Every structure is written in structure tokens, then in C-alpha cells.
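Read the structure below first, then the notes.
The chain is numbered in sequence order, starting from 1. The structure presented is a predicted model; accordingly, all values stated were derived computationally and were not measured.
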Amino acid sequence: MLVIGRTLAKYGLDELLALIPVFRPYAWVSRLNPFRRRMVRRYSRGRRLRLALEALGPPFIKLGQILSTRRDLLPPDIIEELAYLQDDVAAFDGDTAAAIVAEALEDDLDALFPVFDRDPVASASIAQVHRGELPDGTPVAVKVRRPGIETLIDTDLAVMFAIAALGEHAHSEARRLKLVAVVNEFAKTIHDELDLEKEGAHASQLRRNFRDNPILLVPRVHWRRTAREVLTLEWIEGLAIDERDALDRAGADVDAVSRYAAEVFFQQVFRDGYFHADMHPGNVFVGAGNQLQVVDFGIMGTLDADQRRYLADMLLAFLERDYTRAAWVHLEAGYVPSDTDMAAFEDALRAIAEPILDRPLEEISMAHLLIRLFQTTRRFHMETQPQLILLQKTMVNVEGIAREFNPRMNIWTAVQPLLREWMINEKGPRRMWREVQREAPEWGRLLPALPRQAASFLDRALGDDLTLNLRGPQLEQIRNEVRDGIRRLALAGTGGALVLAGSLAALVPDLETRLGFPGWWLALGLAGAGGLLILGGLIRARA
């Protein structure tokens, strides 16, 4: 903690020192330092914070990288500087890496990798990568965790938690910044990155998602040579996407790669709801046939079906400048409170979007629109959405890569029609039919018991045995929810009875003779009517 205080004082970060009582003496020391004035004059506060984090070492660099995505908490000048934080650190000894591999995989190194290059091809704060070969000659990338890094990170995390708790206890600004929550988010992220076996699982899932789409190559995991400290992946031979001159010499098709980048982004975020959340240029490569290749799967984002639909609806509303719809999507998703002044919120969204959407097409950035959204909607008490923050970071990276690689193209021109088609499928009959198929097993379990449960409920209600004790300011809302629940129960019960009646009608012999028309008409009509009532109940439940 003393080292942290001295480092912050050295870089003239008096505002930060003042937030935490134990560091306040360092603020006075900092003001007495004759070099402080020169430091403050020479560098902005964002640059000084970045330099301090770099001086404190890898865990604090990682923390700064996490903070660089929190535009909802920090001002733009600090965010821009933190985005420059680099994870490059000196490599550790290759013989040490070889010993870690042998110990983690519980086998002789030569049996595992007859060829293991002691010089790493890449080195970062958590791990470094070595080139190796399997016994059959297959080239692989062997990612090895740094020795002692887990202990170092746990120690630094304990200090960070202590500092954050002290800051929140003593200062309202520290509470607004939610320092403890930020450190907690960082702890979860960095512990996930420490587990290379979990990273392998991320890679395996992403590879499976793209098994039928050759535009993206996700390296195969060699599970027999993977453990918590070691990850062995298929070696890829692509060129880094920011090596434009080399790609031009290799004959890469700029337009095709840009289209593929848009499609890969769309498929990960909207079709699968499972996306690579660290797609900076160092992790994206271009291979033969303009195929995109990705590495480093430590940080992945997820979006459930409802989040994907709300996000698509929101982006389309912005792209079509339908700010009324954009505002109501936020309300429907629960991102803003139900008592939000919708007219004022719509006007705020218009003020956010118009300066961005009025630019030339190639300059439009939906990522920056999301950034502005997070910054502005704080006054409407919009809750922080961790997955949307990860997505915003991914969008910044993807847009930056696409714009640097092909300045003529905006990926949203390619994504927009895909989004519209996807939304039609998600809101139309196909989605309803998919939900029917998904819910059918549950209906099969519940329907036989439904008449008995409904009869029991009605008996208790009619016999005054059903007592509801409701108190509090939300009484009317609860009453309405109970009424809706009873209506849904009635719809489901009636629908279930009709489905059951239709099923029984189909079994009655000589029904056609008695009715004068095909018996299956009656069976189908009853079952269809029952199914529609049950669907009505489901739709009311989701409304």
C-alpha cells in the first residue's frame, strides 16, 4: 500500500490520493515535491494515471484496461489514455516455461512436445506463448501461465479491495464510482483469465458456433495437452489484420475481409449471443481465402435471447432515427425505471444520436453512440449493464479494425440488413413456432396435473381458504399481477382442456358417421383452439 501511495504521489495524482484517507498524507508530500508542478504541466491527468498504473505493474495495468471500458464511470480524457495501456511485459525464462508445462501436464516434455521453442512468440502479463510440435509433427501454440502470477494477483487484489472500501467509506465521489464493484468485476475477469482450461472451453464453444461457417477460424483445442496452467491450440499462419502492407502483398481482398468482419460480429452477438470480447488488432488475423482468425479467448461476453432482441431493436431504431421507439425499447428492457419521463428521455436520445448519425456514412460509429448513451443516461438512473459494456468494447474494437482496414466501408451498412432479417424471424411466426417446440415438453409435464391444480385453487378460493396478505405502496401493482395470473391460469386451463378434448375426440370410433363430417376436423379444431389459448397465456406472461 505504501508503494501505491508513493507512486500516485510521484505522478501528481492528488485528486485520487484525496479519495482515500490512508493516502491523504501522500497528497501533501506530492504538493511539496518540486518535480510535481513540472509533471502536472507536462502531462494530462489521464496520462499521469496511465503512467502510474504502468509503474505499479501487470495487475494494475489489467485494472486500467478494465476501467478503459467503463465510460459510464470515468470522463473521456481518462478513458482515452487508459485505452493506450499495453499488456506487453518482459518474457520469463523459456526453461521455466518448459518445466511448468511438464509439471502441469504430468508428463515428460519431450513426450508431449518433441519440439518446444524456448523463445516465446508473444508475452503478456498473465501468460506467454511458445511454438511447439506434437509427436506427429503438427505445429501448435502452447500458452503457459506465468509462475507465481496467481499469488501476486491475489495479493494485489486484497490491497485493491481495501483501498476501494476505504475510499467508499470516506468519500461520496468514490461511492459514485462504485470502486468496490469495479474491483470485484476486475477480480472476476482476471481470475477467469488465470484459468487457461476455462479459456480453452471458451475457444471450443466459439469454434463449435462457427463449424458451418468457414469465414472464421477458431483454433482447435488439444485437450490432452491442456490444464489450468497450460493451453495448447492449433497453430495459425495468418497475418495480423493491422499489417496492411503485408496483406496487400499477399493479395487479401479488402472488401471481402470487411464483409466477413461484419458477418462474424453479427453472428457472434445476435445469432449466438456469445462473443469474443477482446478483439483488438493483436488478436485478429487474416488467412488464406480472406478467412478471419482469432486468438486469446480469456474474456467472452454473453447475451440472452431477450437482451439480443432489445439490442437489435434499439440499434435499428437509432439507425432509422426512430427515437420514440428507441426510448420505449429501453423501458421495455428494464434499462431505465418505469417512472422515467419518456419525453425527456426521447429528447436526450435524439441529442445523443443526431450529431453521430448526421456524419458521412463511413464516419458513423454505433460504438460511440453507445458510449454517449452510457454517459448521458446516468441522469435517468439507467442501470449499468456489464454485458453491454463488454459489447461496447467489442464494437469499438471491431469498428476500429474495419475502419483502419477499409476506410471506405462502414460495417453497419452490412450489418443493418442482417439485423432486419433476424428481427423479422425473431418477432414472426417462426419464433413463435420455435417457442412452442421448446415449451412442448414442459406442457406435456404440466397439462395432466393442470385440471386438478385448477380445481384445488378454485375450491380454496370459493371456500375462503385462500388468503392474500398484501401491504406496501405497490399494492395495486401486486393486485394487477394477481389478476393477470388468474386470467393466464384460466386461459391455460381452458386451453389444456380443449387440447385434451381434441385428443380424446380423435380416439372416438365412428365419430365421422355421427357428425356427418370427418372426425379429425373436430379434433384438430379443439386442439387448435386450445393451443391458441395457451399461446395467449404465454404471450400475456411475456408482455
Side-chain angles (χ1 to χ4, degrees), residues 113 115 117 119-124 127-134 136-143 196 199-223 225-226 231-269 271-272 274-300 394-395 397-409 411 414-415 418:
F113 304 104
V115 175
D117 191 346
D119 295 324
V121 295
S123 176
Q128 63 188 36
V129 179
H130 295 258
R131 193 181 191 282
E133 287 185 9
L134 302 181
D136 64 1
T138 302
V140 290
V142 186
K143 188 171 185 176
L196 299 187
E199 181 177 340
H202 295 164
S204 184
Q205 176 67 57
L206 190 61
R207 179 182 173 87
R208 189 160 54 251
N209 289 350
F210 279 85
R211 61 181 175 271
D212 298 322
N213 194 341
I215 66 172
L216 180 70
L217 171 65
V218 179
R220 183 166 69 90
V221 180
H222 293 271
W223 286 112
R225 289 169 171 79
T226 293
L231 171 62
T232 303
L233 294 168
E234 172 186 358
W235 183 266
I236 60 173
E237 294 287 356
L239 295 169
I241 199 165
D242 58 352
E243 294 180 1
R244 182 60 191 273
D245 292 340
L247 288 167
D248 287 340
R249 288 194 298 271
D253 184 332
V254 171
D255 292 331
V257 172
S258 300
R259 285 196 309 274
Y260 291 169
E263 188 176 333
V264 164
F265 171 79
F266 169 82
Q267 180 170 326
Q268 287 187 80
V269 173
R271 195 198 73 173
D272 302 326
Y274 189 79
F275 59 94
H276 192 302
D278 199 16
M279 288 187 69
H280 61 75
N283 287 338
V284 184
F285 301 82
V286 180
N290 305 304
Q291 182 186 54
L292 291 172
Q293 305 168 341
V294 289
V295 298
D296 196 349
F297 310 95
I299 306 174
M300 304 295 289
T394 302
M395 287 170 67
N397 285 333
V398 171
E399 281 187 351
I401 288 171
R403 187 166 287 120
E404 189 71 25
F405 188 74
N406 185 2
R408 302 189 308 274
M409 180 183 174
I411 65 166
V415 167
L418 296 174

Lys/Arg N to Asp/Glu carboxylate O, Arg244 vs Asp248, below 4.0 Å: yes

Steps toward side chain to side chain contact (heavy atoms under 4.5 Å, CB included) verdict (Phe113, Leu134): CA-CA 5 Å; Phe113 304 104; Leu134 302 181; 3.9 Å; yes

Considering all heavy atoms, the nearest Trp223-Ser204 contact: CZ2-CB, 4.0 Å

Phe297 CZ to Leu196 CG distance, which is reported to the nearest 0.5 Å: 12.5 Å

Rounded distance [0.5 Å steps], CG in Leu217 versus CD in Gln291: 4.5 Å

Reported CD-to-CG distance for the pair Gln267 and Asp212, which is rounded to 0.5 angstrom: 9.0 Å

Any Leu216 side-chain heavy atom under 4.5 Å of Val218 side chain: yes

Test log, rule side chain to side chain contact (heavy atoms under 4.5 Å, CB included), inputs Tyr274 and His202: CA-CA 9 Å; Tyr274 189 79; His202 295 164; 3.3 Å; yes

Which atom of Leu292 lies closest to which atom of Tyr260, heavy atoms considered: CD1-C, 3.8 Å

Gap separating the CD atom of Glu199 from the CE atom of Met300, nearest 0.5 angstrom: 9.5 Å

Ser123 backbone acceptor or donor facing Gln128 side chain under 3.5 Å: no

Option passing side chain to side chain contact (heavy atoms under 4.5 Å, CB included) with Asp296 (candidates Leu233, Val129, Asp278): Asp278

Distance-minimising heavy-atom pair for Trp235 and Val140: CE3-O, 3.5 Å

Between CZ on residue Arg249 and CG on residue Leu239, distance to nearest 0.5 Å: 9.0 Å

Candidate pair Phe210 and Val264, rule side chain to side chain contact (heavy atoms under 4.5 Å, CB included), full reasoning: CA-CA 9 Å; Phe210 279 85; Val264 164; 4.2 Å; yes

Minimum heavy-atom distance between Ile236 and Pro219, given as atom pair plus value: CG2-CB, 4.3 Å

Working for side chain to side chain contact (heavy atoms under 4.5 Å, CB included), residues Asn209 and Gln268: CA-CA 8 Å; Asn209 289 350; Gln268 287 187 80; over 6 Å; no

From CD1 (Ile241) to CG (Asn283), nearest 0.5 Å: 11.5 Å

Polar side-chain atom of Thr226 near backbone of Thr232 as donor-acceptor pair, under 3.5 Å: yes

Exam field: side chain Gln293 to backbone Gly238, donor-acceptor pair closer than 3.5 Å: yes

Min side-chain heavy-atom separation Arg225-Val142 under 4.5 Å: no

His276 (side chain) donor-acceptor with Val295 (main chain) under 3.5 angstrom: yes

